[in-house]
Protein chains: 4
Amino acid sequence: MRDKLIQSSIELFEKQGFAETSIQDIVSGLGVTKGAFYYHFPSKEALLLQIHQRFIDALLRRQHSILESAKTCSEKLREVVLMLLQNIEQNGASARVFFRELQNIKEENLPGVLEKRDSFRKGISDLIRAGMKSGEFRGDLHPDMTALGILGMCNWSYMWFNPGGLLQTEELAVYFTGLILSGIVREEQGWQ
Amino acid sequence: MRDKLIQSSIELFEKQGFAETSIQDIVSGLGVTKGAFYYHFPSKEALLLQIHQRFIDALLRRQHSILESAKTCSEKLREVVLMLLQNIEQNGASARVFFRELQNIKEENLPGVLEKRDSFRKGISDLIRAGMKSGEFRGDLHPDMTALGILGMCNWSYMWFNPGGLLQTEELAVYFTGLILSGIVREEQGWQ
Amino acid sequence: MRDKLIQSSIELFEKQGFAETSIQDIVSGLGVTKGAFYYHFPSKEALLLQIHQRFIDALLRRQHSILESAKTCSEKLREVVLMLLQNIEQNGASARVFFRELQNIKEENLPGVLEKRDSFRKGISDLIRAGMKSGEFRGDLHPDMTALGILGMCNWSYMWFNPGGLLQTEELAVYFTGLILSGIVREEQGWQ
Amino acid sequence: MRDKLIQSSIELFEKQGFAETSIQDIVSGLGVTKGAFYYHFPSKEALLLQIHQRFIDALLRRQHSILESAKTCSEKLREVVLMLLQNIEQNGASARVFFRELQNIKEENLPGVLEKRDSFRKGISDLIRAGMKSGEFRGDLHPDMTALGILGMCNWSYMWFNPGGLLQTEELAVYFTGLILSGIVREEQGWQ
DNA sequence: AATGAATGAGTATTCATTCAT
DNA sequence: AATGAATGAATACTCATTCAT
């Protein structure tokens with residue numbers, strides 16, 4: 001029941017937004033009553049918090065296993081990009097809730113979530129840093145800004161990515177990784 | 001009064017979200033009553049629509065003037081990136097409302113807004129396409145995906161960009177443009 | 001409307017208690033909707049506060065005019081007793097609410113009410129003190145305890161006093177005043 | 001468990017009132033669940049009824065043993081007053097519940113409680129009557145009104161009596177008895 | 001151009017109570 | 001003797017919107 005409530009609400013939050021989704025909406029689809037909801041969650045916000053935590057925890061776990069592996073930084077980067085896009089493809093609803101509904105988490109509960117978000121970003125910054133050290137990446141990069149750029153490129157796809165569209169998730173990941181690694185200008189151009 | 005209402009509501013929508021902001025909140029700060037609001041706007045949603053339209057229209061106008069100018073595609077790209085970041089810096093509140101509160105626009109009013117959003121994206125795709133044709137950019141690019149990647153990188157900054165932070169807006173624009181143009185790998189590496 | 005809401009709620013609070021009376025109960029009898037209530041009062045508790053304040057303010061006003069008059073202390077005492085009983089007779093409902101529903105006033109609003117209650121009690125203590133000084137009352141009295149005893153005797157009648165019963169209000173006032181002044185033992189008894 | 005539930009609820013009812021206390025509140029403090037409550041009591045109201053009955057039964061028992069003893073009416077009166085005040089001192093919480101939460105007893109269960117309340121009052125009326133007959137008290141008293149006056153004086157102390165305050169319970173009982181017996185006017189005054 | 005009063009539909013939340021286990 | 005899950009009805013309060021003035 002607890003999981004069913006979470007699942008049901010993720011879908012509704014995505015479609016209509018957190019504020020626009022009532023507890024009634026959530027339980028109606030499951031054929032139970034509001035009391036059932038409040039037996040499992042102390043408040044609507046607690047549910048949102050749960051959703052956030054599940055989402056970010058899963059991301060962190062997967063990121064960790066990629067970064068720990070013995071691969072080149074470029075390969076790791078490609079895997080992180082793929083993971084982000086796959087996550088949006090598979091858990092699009094959760095992702096949209098995660099990116100949009102941060103403001104509805106009470107201030108007292110924010111730190112826990114923000115800390116994990118930061119930790120994820122730091123994973124990417126560190127990867128850039130490692131690549132710079134190993135000579136794989138340029139030495140004049142700004143690790144933090146670069147990480148934010150990469151994250152933006154990937155995360156923004158939650159607004160438009162359509163798995164049935166032009167490109168498959170894997171193809172998009174390869175393409176975005178290529179962009180990040182090599183940019184868009186013609187390499188043979190002298191003025192580089 | 002009309003403009004004051006728009007200004008007041010943009011700030012509140014940004015801080016608390018559209019659904020969480022009441023008409024009372026909007027008018028209270030201005031010392032008027034709800035009737036005043038309904039004299040100027042037929043509904044709360046009409047106000048949101050206005051905000052969206054003002055925002056996207058301004059963007060489109062600025063984008064147009066950049067794309068029309070006689071410059072290289074790389075230079076135009078840098079200017080577009082700068083414009084996006086400047087817009088987020090200067091109209092951060094509007095930007096956050098624009099990116100977050102699309103769902104609160106009634107379906108019948110969506111097409112108008114979405115069309116303009118698409119038109120903006122198409123401006124960038126076309127710029128990529130032009131660069132490919134002119135030989136300035138690589139020939140194997142995916143114009144649409146590339147545009148979405150660039151837009152993501154820039155727009156995402158609405159979530160974190162702090163004008164008083166590490167980099168100035170101009171510096172960030174230069175940096176992001178560099179990323180997009182040249183990527184992050186060391187150029188002298190043989191395997192390129 | 002504001003006064004109608006107060007009147008309606010006093011009667012309901014008396015019959016059913018504050019907690020047991022819903023806003024719906026209050027407005028239903030007046031043929032208006034809950035919104036109307038919340039236009040006039042910010043909360044249910046604010047209404048209760050109003051009722052308390054009106055009640056105690058009226059009492060204080062009347063007490064003041066009695067204590068200011070040029071009469072003997074015994075006469076003043078009789079008038080205060082009569083006033084208390086009359087007040088319970090005439091505003092029985094308010095009285096019952098006043099005596100019973102103090103706990104439902106939020107702590108932050110309590111001081112104001114308690115202060116006035118104390119002030120009323122002090123009016124009686126002072127009257128006892130004055131009578132002691134003038135030699136009208138015994139010199140070994142405990143002004144505060146005496147005042148509380150008198151108040152208890154009178155106020156308790158809110159639990160049982162029935163104006164249509166055995167005694168008229170005036171008769172009861174005379175009788176209670178007699179009790180307070182002279183007690184119940186036979187005066188000629190030697191052991192006094 | 002049954003007694004623990006009663007004890008726990010008396011304290012909560014006193015602090016917060018009957019309506020404001022949930023079954024959850026009652027059981028939480030004992031580390032059990034609501035089911036446990038409903039195993040021992042058929043309803044919340046049944047519990048309140050129990051509390052009332054225990055309280056009034058204890059009072060009646062003690063009153064009976066006083067009235068049966070071989071003492072003067074004045075002495076008996078003093079003992080009844082002391083008993084009432086002691087009861088409020090020792091079972092303050094129960095007393096406050098008893099005086100305040102009568103309204104929450106369902107009409108069908110009221111008669112039993114009211115009958116006992118009346119019986120207690122009648123005990124005092126009869127004591128007055130006996131004293132009048134024996135010549136100990138004045139002959140022009142109104143036994144019922146007098147009893148209600150005495151009860152009011154004593155019971156009202158549940159609103160203010162603080163055992164750690166100015167007077168000890170015994171001193172207060174002596175003082176109140178003195179008031180009732182002899183009143184407050186100077187005895188040597190001719191106009192008595 | 002704006003107010004003041006009111007509506008009506010909705011919202012999160014609470015809670016006494018039930019019942020299979 | 002007690003639990004855990006759930007119900008259903010109620011509750012205070014909110015808010016976009018309306019409208020006579």
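Letters A, B, ... mirror the listed sequences (proteins, then strands); counts begin at 1. Hydrogens, waters and symmetry mates play no part in the numbers below; they use all other heavy atoms, side chains included.
Applying the side chain to side chain donor-acceptor pair (under 3.5 Å) definition to pairs two or more places apart or across chains, those involving residues 30-51 of chain B are B:Glu45-B:Asn109.
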All N/O donor-acceptor pairs, side-chain side in residues 12-21 of chain D, below 3.5 Å, sequence neighbours left out:
from	atom 1	to	atom 2	distance (Å)
D:Glu14	OE2	D:Arg96	NE	2.5
D:Glu14	OE2	D:Arg96	NH2	3.2
D:Gln16	OE1	D:Thr21	OG1	3.3
D:Thr21	OG1	D:Leu12	O	3.4
D:Thr21	OG1	D:Gly17	O	2.7

**OP:** Going 5' to 3' through nucleotides 11-21 of chain F, assign each nucleotide B (protein heavy atom under 4.0 Å from a base atom), S (under 4.0 Å only from sugar-phosphate atoms) or - (no protein heavy atom that close).
**Re:** SSBBSSBB---
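Partners of A:Arg54 by side chain to side chain donor-acceptor pair (under 3.5 Å), not counting sequence neighbours, listed by chain and number: A:Asp3. By the ring-ring contact (aromatic ring centres under 6.0 Å, His included) test, D:Phe98 pairs with D:His52, D:Phe55, sequence neighbours left out. Remark: D:Asp118 pairs with D:Arg121 by the salt bridge (Lys or Arg N to Asp or Glu O under 4.0 Å) rule, at least two apart or across chains. For D:Gln24, the side chain to side chain donor-acceptor pair (under 3.5 Å) partners two or more places apart in sequence, or in a different chain, are D:Ser28. By the salt bridge (Lys or Arg N to Asp or Glu O under 4.0 Å) test, C:Asp57 is found to be paired with C:Lys116, residues two or more places apart in sequence or in another chain being considered. Here B:Asn155 pairs with nothing under the side chain to side chain donor-acceptor pair (under 3.5 Å) rule; sequence neighbours left out.
Summary of the strand contacts: C:Val32 and B:Val32 both lie near DNA chain E, and taking for each the nucleotide with the nearest heavy atom, the more 5' one is attributed to B:Val32.
Near DNA chain F, meaning a heavy atom under 4.0 Å from it, residues 96-104 of chain B has no residue at all. For residues 1-10 of chain D, proximity to DNA chain F is found at D:Met1, defined as any non-hydrogen atom under 4.0 angstrom from a strand atom.
The phosphate of E:dG4 (OP1 or OP2) has no side-chain N or O of C:His40 nearer than 4.0 angstrom.
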**OP:** Dump the intermediate steps for side-chain contact (heavy atoms from CB on, under 4.5 Å) on A:Lys106 and A:Leu49, then the final yes or no.
**Re:** CA-CA 9 Å; A:Lys106 274 194 288 186; A:Leu49 200 56; over 6 Å; no
Original post:
Taking it one step at a time, do B:Leu5 and B:Val27 satisfy side-chain contact (heavy atoms from CB on, under 4.5 Å)?
Top reply: CA-CA 7 Å; B:Leu5 285 166; B:Val27 295; 4.1 Å; yes
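Remark: side-chain polar atoms of D:Ser9 are paired, donor with acceptor, to backbone N or O of D:Ile6 under 3.5 angstrom.
Distance CD1 (A:Ile26) to C1' (E:dT11): 12 Å, rounded to an integer number of Å. The nearest whole Å value for the distance from the CZ atom in D:Phe41 to the P atom in F:dA1 is 13 Å.
Going from atom CD of B:Gln90 over to atom CD1 of B:Ile88 covers 11.0 Å, rounded to the nearest 0.5 Å. Atoms OH and CH2, on C:Tyr158 and D:Trp156 in that order, are 6.0 Å from each other to the nearest 0.5 Å.
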Original post:
Reading DNA chain E 5' to 3', how would its secondary structure be written in dot-bracket notation, given Watson-Crick and G-U pairs with both distances under 3.5 Å, brackets [ ] for crossing pairs and | for partners on other strands?
Top reply: .||||||||||||||||||||
